[in-house]
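The structure presented is a predicted model; accordingly, all values stated were derived computationally and were not measured. Lettering of chains follows the sequences in order, A, B, ..., and the numbering in each one begins at 1.
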Amino acid sequence: MCGRFTLASPAQAVAAALGLPDFPALPPRYNIAPTQAVAIVRGAPVPEVALTRWGLVPGWTKDLARLPLLINARAETAAEKPSFRAPLRSRRCVVPADGFYEWTGAPKARRAIYFTLADGAPFALAGLWDRWLSPDGSELESCAILTTAPNALLARYHDRMPAILPRERIAAWLDPELRDPARVSALIDSYPAEAMRERAVGPTVHSARNEGPGCVEPA
DNA sequence: CCAGACGTTGTT
DNA sequence: GTCTGG
DNA sequence: CCAGACGTTGTT
DNA sequence: GTCTGG
């Protein structure tokens, strides 16, 4: 799955990787955690960037406190889940990232592994977003990252991996005219293992309170 | 019809 | 053990 | 995802 | 909001 990721590349590199005319300069992030602000790209033909809470809150939610944190959505079943059905049809987004972490090992010997593309370039995670009107009248926009079957690299550690969209599929994923669930899910696949790299990193990333390049330092 | 649920992951 | 915060 | 908290009372 | 269970 995907419960922590990074986005520290220069804005220009993010724009190039996503095929966008530009991308805003954001503070480099090495430890993006659930409930924190996450940049998403949504809409077409001119995509816009928005900052949303990581942990999707369905529009019909009545009690935020009782809602589990929906940071991931299984691509195989999202079309049938009440929380994800409508967002999958009409509120798809991409989440720019340049790496993500997976944890492995027994509870007392947990290690984090950091995954990137082989060339170190930023990439697009397939995401969903929604908008929730809180009782006090304020609006909350939130997002979730889709997961899929792991490639051979990820399978060494986990039975899931985040859905990375190859650059040529980003526009189709963001296209609001695309509403057929079968065609939507056809865009999701396990990214080729040969195009990815992994490295074990130290314990700094374990705490979501830690931030900075120390999170990705080799163990 | 109304009421009630609506989620993912990892671990054992 | 379970829930909340980041 | 992991880390960390998890409580009540009285007094100022 | 939308689907399922009764």
Where do N or O atoms of nucleotides 3-6 of chain D meet protein N or O atoms at under 3.5 Å, pair by pair?
unit_1, atom_1, unit_2, atom_2, d
D:dA3, OP1, A:His206, ND1, 3.4

On a heavy-atom basis, which atom in [X] and which in [Y] lie closest, and how many Å separate them?
X	Y	result
A:Thr148	A:Asp189	CG2-O, 3.8 Å
A:Pro176	A:Arg179	O-CG, 3.6 Å
A:Arg110	A:Gly105	NH1-O, 2.7 Å
A:Ala50	A:Arg42	CB-NH2, 3.6 Å
A:Ala172	A:Arg92	O-NH2, 4.3 Å

Hey, could you give me the [atom1]/[atom2] distance between [X] and [Y], rounded to the nearest 0.5 Å?
X	Y	atom1	atom2	result
A:Phe5	A:Tyr30	CZ	OH	14.5 Å
A:Leu18	A:Leu165	CG	CG	9.0 Å
A:Ser142	A:Arg53	OG	CZ	7.0 Å
A:Thr52	A:Gln36	OG1	CD	12.0 Å
A:Ser185	A:Leu88	OG	CG	8.0 Å
A:His206	A:Tyr101	NE2	OH	10.0 Å

Using atom types as modelled and distance alone, determine if a side-chain donor or acceptor of A:Ser90 lies under 3.5 Å from a backbone N or O of A:Pro87.
no
Within this structure, what is the [atom1]-to-[atom2] distance between [X] and [N], rounded to whole angstrom?
X	N	atom1	atom2	result
A:Arg66	B:dT8	CZ	P	18 Å
A:Asn72	D:dC2	CG	P	12 Å
A:Leu146	B:dG7	CG	P	14 Å
A:Trp103	B:dT11	CH2	P	12 Å
A:Leu56	B:dT9	CG	P	14 Å
A:Tyr30	D:dC1	OH	C1'	20 Å
A:Leu128	B:dT8	CG	P	11 Å

Considering only heavy atoms from C-beta outward, does the side chain of [X] approach that of [Y] to under 4.5 Å?
X	Y	value
A:Ile40	A:Pro96	no
A:Pro47	A:Phe23	no
A:Glu141	A:Trp129	yes
A:Glu139	A:Arg131	yes

Would you classify [X] as touching base, sugar-phosphate or nothing, given that sugar-phosphate means primed atoms plus P, OP1 and OP2, and contacts are heavy atoms under 4.0 Å?
X	answer
A:Thr61	nothing
A:Pro107	sugar-phosphate
A:Gly55	nothing
A:Asn31	nothing

Which protein N or O atoms sit under 3.5 Å from an N or O of nucleotides 4-6 of chain E?
none

With rounding to whole Å, what would you report as the distance between [N] and [M] at their [atom1] atoms?
N	M	atom1	result
E:dC3	B:dT9	C1'	24 Å
B:dG10	D:dC1	C1'	10 Å
D:dA3	B:dT11	P	13 Å
D:dG7	C:dT2	P	15 Å
B:dC6	D:dC6	C1'	28 Å

For the residue pair A:Tyr157 and A:Phe115, categorise the inter-ring angle as parallel (less than 30°), tilted (30 to 60°) or perpendicular (more than 60°).
perpendicular
State whether A:Arg160 places a side-chain N or O below 4.0 Å from either non-bridging phosphate oxygen (OP1 or OP2) of B:dT8.
no
Stems with DNA chain E, 3 or more Watson-Crick or G-U pairs in a row (under 3.5 Å), are B:1-6 with E:1-6
Which one, B:dG10, B:dG7, B:dT9, comes nearest to the side chain of A:His158?
B:dG10
If you only use heavy atoms from C-beta on, which nucleotide in B:dT12, D:dC1, E:dG1 is closest to the side chain of A:Leu69?
D:dC1
Could you list by number each residue of residues 74-96 of chain A showing a heavy-atom separation from DNA chain D of less than 4.0 Å, or answer none if no residue does?
none
Within residues 108-116 of chain A: residues closer than 4.0 Å to DNA chain D (heavy atoms):
A:Arg110
Under the side-chain contact (heavy atoms from CB on, under 4.5 Å) test, which residues partner A:Arg74, sequence neighbours left out?
A:Glu76, A:Thr77, A:Thr147, A:Arg160
